[in-house]
Novice: 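Please read through the structure below; I'll follow up with questions.
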Amino acid sequence: MLKKILVVDDSDLIHNMYRLILKKIPGVKQIDASNGVEALKILGEEDGIELILLDINMPLMDGLTFLTVVKREGIYADVPVIIISTEGKEADTLRGLEMGAKGYVTKPFKPADLLKVIEKVSSENNPN
Amino acid sequence: MDDFDLSGLIEDYLEDARTAVEKVDTLLLELEQGSAAGSVEDRVFSELLSLLHTLKGNSGMMGYDRIERYIHNGETILKMLREGEADYDPETLTIVVDLSSNLSGALVEIDREKGTNPDLSTYISALAERIEYFENLESTEPEQPLSETVLIEKAETEQEIVEPFESPPEEELPEQTSPQPEDTVTPRKEDRNRRYLGVSSNIVRVDFTRLDKLLNLLGELVIHRTRLEQLVLELAERSLDAEYSETIGETSLKIGSIISELQDGIMKVRMLPIGHVFSRFNRLVRDLARDHKKMIDLVIVGSDTELDKKIIDQIAEPLLHLVRNAADHGIEIPAERRKADKIAAGTITLSARQESNHIIIEVEDDGRGIDSQKVLHRARELGIIGKDEELDETAALDLIFNEGFSTRKTATETSGRGIGADVVLKTIGRLGGMVTVDTEKDRGTKFTITLPLTLAIVSAMLIESSDKLYAIPLSSIVETFKVRRENVLIVNGCEVIDLRGKIIPLLHLEAVFNLPIPSELEIYYVVIVGTEDKNVGIVCNRLIGQQEIVIKALDEYIGEVFGISGATILGSGEVVLILDTISLIRFNLREGGVVGSTMS
């Protein structure tokens with residue numbers, strides 16, 4: 001079962017929203033970052049992050065740049081990433097998937113759909 | 001199906017969204033200014049699109065699908081503007097600039113009643129309509145590229161990742177349903193080339209100063225046409241060769257009629273719909289209603305009525321004052337309205353229409369009305385009128401236009417509506433227009449503004465008084481007639497005439513400009529200016545006739561001259577002053593004259 005999820009989004013509202021949704025996964029801890037730079041920092045400090053929910057459109061470092069850095073530096077590449085995209089930004093989603101993201105959800109989504117994707121991605125990553 | 005209750009997040013959402021909308025508002029202002037100056041920085045677009053995109057996503061997550069759809073359309077048109085696929089025509093600009101106010105209105109609704117899903121359908125379809133309009137303009141261009149293919153790929157990927165992804169919301173977004181041109185199955189080569197050449201549009205953006213320059217040149221032309229017509233007449237009198245002078249006369253006529261057409265054409269180019277100004281008041285009224293805990297509906301009528309841009313630019317401020325006063329002081333709070341047997345929500349109606357060569361703008365509310373007794377009382381307190389002076393209803397109401405009346409002190413809930421009324425009058429007067437006010441206790445108040453269609457070239461009556469020529473804009477003339485001196489009556493020491501049962505006070509221009517009043521006049525030529533209910537008859541020795549005049553402002557070093565709104569040059573080169581009829585009517589009131597009113 002998942003223990004730690006990193007949510008990278010520049011909106012506090014979204015952080016709170018995930019907190020409500022992720023409650024459905026028993027025992028999970030949500031860590032918030034508001035952009036790619038913060039996310040990288042947290043990944044360096046915090047052990048055991050098992051999943052990243054990544055927004056695309058963020059200040060300082062956006063989601064795609066974050067993925068580029070992760071791929072180029074070869075760090076944290078084993079942590080699966082789910083892209084949270086918005087309608088109309090399909091091209092970004094595709095690029096993210098090409099860069100190694102394991103799944104995506106398009107806003108607005110139903111909470112249950114997000115949970116399904118999380119479940120699918122995390123079970124693919126830890127097949128046991 | 002949702003067992004997730006997101007309602008706990010509404011406050012978060014609102015806070016987030018408000019900040020975003022504020023930023024959007026500032027950026028839209030930049031966009032508007034940029035478009036007027038001819039170019040909008042790309043930064044403005046990228047910041048706008050980024051903010052809106054986040055807001056759209058958040059709104060969608062919170063279930064506000066209409067806000068989401070509205071923003072979606074907003075994004076689409078912004079992208080089109082950025083790519084030059086849409087034009088900054090007034091209609092589009094208004095719709096785009098209104099994005100922020102409509103969004104903040106929606107947020108206010110949500111804040112007021114948490115469960116609501118604000119209805120933005122009018123705005124959504126207004127945007128959709130603009131989008132469709134510009135897409136159709138482009139319809140020669142095949143719209144197959146990139147985005148389509150991406151959509152298809154997306155669908156496939158989607159299948160892989162989440163299987164039973166439920167179908168998107170009921171209706172499809174308008175953008176996608178807009179009809180595709182049928183003959184675009186295979187893009188031909190030249191069509192493909194067009195993509196790089198850009199879209200040809202029928203709309204050209206022009207710097208307004210260029211139009212002004214054209215208009216000035218036209219003004220000169222009009223002046224010389226008048227001169228030419230005079231010369232032709234003189235020639236006809238003198239010339240020995242009748243046929244020759246007749247030919248010249250015909251040519252002059254022809255030139256004259258072409259100049260008239262040219263004038264119409266240039267004037268039309270300068271016209272903008274007044275809706276541009278009106279729509280700004282939606283937010284004002286909503287904010288005021290909220291601040292004062294009132295319910296106010298703003299009804300806008302005739303927003304496509306067109307006015308010269310110069311007037312549009314200057315009319316916003318006086319209208320703002322009137323609308324604000326209507327909301328602040330006119331409309332009552334719901335409890336008070338119920339007591340007066342009215343529905344809880346008040347209505348402010350802004351309307352515009354054209355009547356011959358005037359534009360009539362009305363600001364009407366169904367509030368408590370202005371109490372003329374209170375106005376009188378206040379005016380006595382302020383020393384505007386004497387302690388025991390009594391005025392009739394119209395004259396009393398007119399006091400609110402007094403400069404002294406609009407001091408801060410009077411800006412209280414009960415003291416009437418003095419605030420800024422003098423500013424309104426001044427501005428309208430400068431534009432060559434008129435303002436009148438009608439009010440009825442508990443029924444409401446109506447301000448009527450009459451404006452000339454255009455500022456630069458107007459039809460005017462030339463009159464002569466004490467050997468000086470003056471011009472009076474036809475738009476402020478009610479009628480003209482001549483009267484023998486023995487038919488002039490004296491009331492309260494003032495000259496008046498009885499015209500078909502109406503008392504018309506007379507005014508000698510010499511009195512206004514401190515010149516000696518001629519005593520030997522046997523026949524008075526009188527030009528009645530003003531409105532049916534509030535007017536004055538200007539006395540002159542001679543009515544010279546009607547002609548087109550080009551209005552020139554008085555130079556700044558002269559400053560404002562009482563009774564004069566500008567000057568014009570005649571074909572002969574003579575400079576003629578243009579009378580400011582509003583201030584003349586008020587001059588007459590102040591000098592103890594009687595107000596023109598119906599005898600009963």
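So you know, we letter chains A, B, ... as the sequences are listed, proteins then strands, and number each from 1. Treat the numbers as computed from the prediction; the structure is a model and nothing was measured.
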Novice: Is the number of heavy atoms from other residues, nucleotides or ligands under 6.0 Å of B:Glu113 CD greater than 12?
Specialist: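 No, not enclosed.
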Novice: Is atom CZ of B:Arg43 surrounded by more than 12 heavy atoms (other residues, nucleotides or ligands) closer than 6.0 Å?
Specialist: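 Atom CZ in B:Arg43 is crowded, with more than 12 foreign heavy atoms closer than 6.0 Å.
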Novice: State the CG-CD1 distance between B:Asp16 and A:Ile14, to the nearest 0.5 angstrom.
Specialist: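 The CG atom of B:Asp16 sits 8.0 Å away from the CD1 atom of A:Ile14.
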Novice: Look up atom OG in B:Ser50 and atom CG in A:Asp62, then write down how far apart they are to the nearest 0.5 Å.
Specialist: 10.0 Å
Novice: Look up atom OG in A:Ser85 and atom NE2 in B:His53, then write down how far apart they are to the nearest 0.5 Å.
Specialist: 6.0 Å
Novice: Compare all side-chain heavy atoms of B:Asn58 with those of A:Lys107 and state whether any distance is below 4.5 angstrom.
Specialist: yes
Novice: Other residues, nucleotides and ligands only: do more than 12 of their heavy atoms fall within 6.0 Å of CD on B:Glu15?
Specialist: no
Novice: If you count the non-hydrogen atoms of other residues, nucleotides and ligands that lie under 6.0 Å from CZ in B:Arg82, is the total more than 12?
Specialist: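 Counting other residues, nucleotides and ligands, CZ of B:Arg82 exceeds 12 neighbours.
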Novice: Distance check, rounded to the nearest 0.5 Å: B:Met62 atom CE versus A:Leu13 atom CG?
Specialist: 6.0 Å
Novice: Considering only heavy atoms, give the residues of residues 93-111 of chain B separated from chain A by less than 4.5 Å, sorted numerically, with 'none' for an empty result.
Specialist: none
Novice: Would you say A:Asp12 and B:Asp12 make side-chain contact, with heavy atoms under 4.5 Å?
Specialist: no
Novice: Distance check, rounded to the nearest 0.5 Å: B:Thr54 atom OG1 versus A:Asn57 atom CG?
Specialist: 4.5 Å
Novice: Taking the side chain as every heavy atom from C-beta outward, state whether A:Met17 and B:Tyr13 have any atom pair closer than 4.5 Å.
Specialist: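 No; the side chains remain at least 4.5 Å from each other.
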Novice: Looking at A:Lys4, I want to see if its NZ is surrounded by more than 12 non-hydrogen atoms of other residues, nucleotides or ligands under 6.0 Å.
Specialist: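 It does: A:Lys4 NZ has more than 12 such atoms within range.
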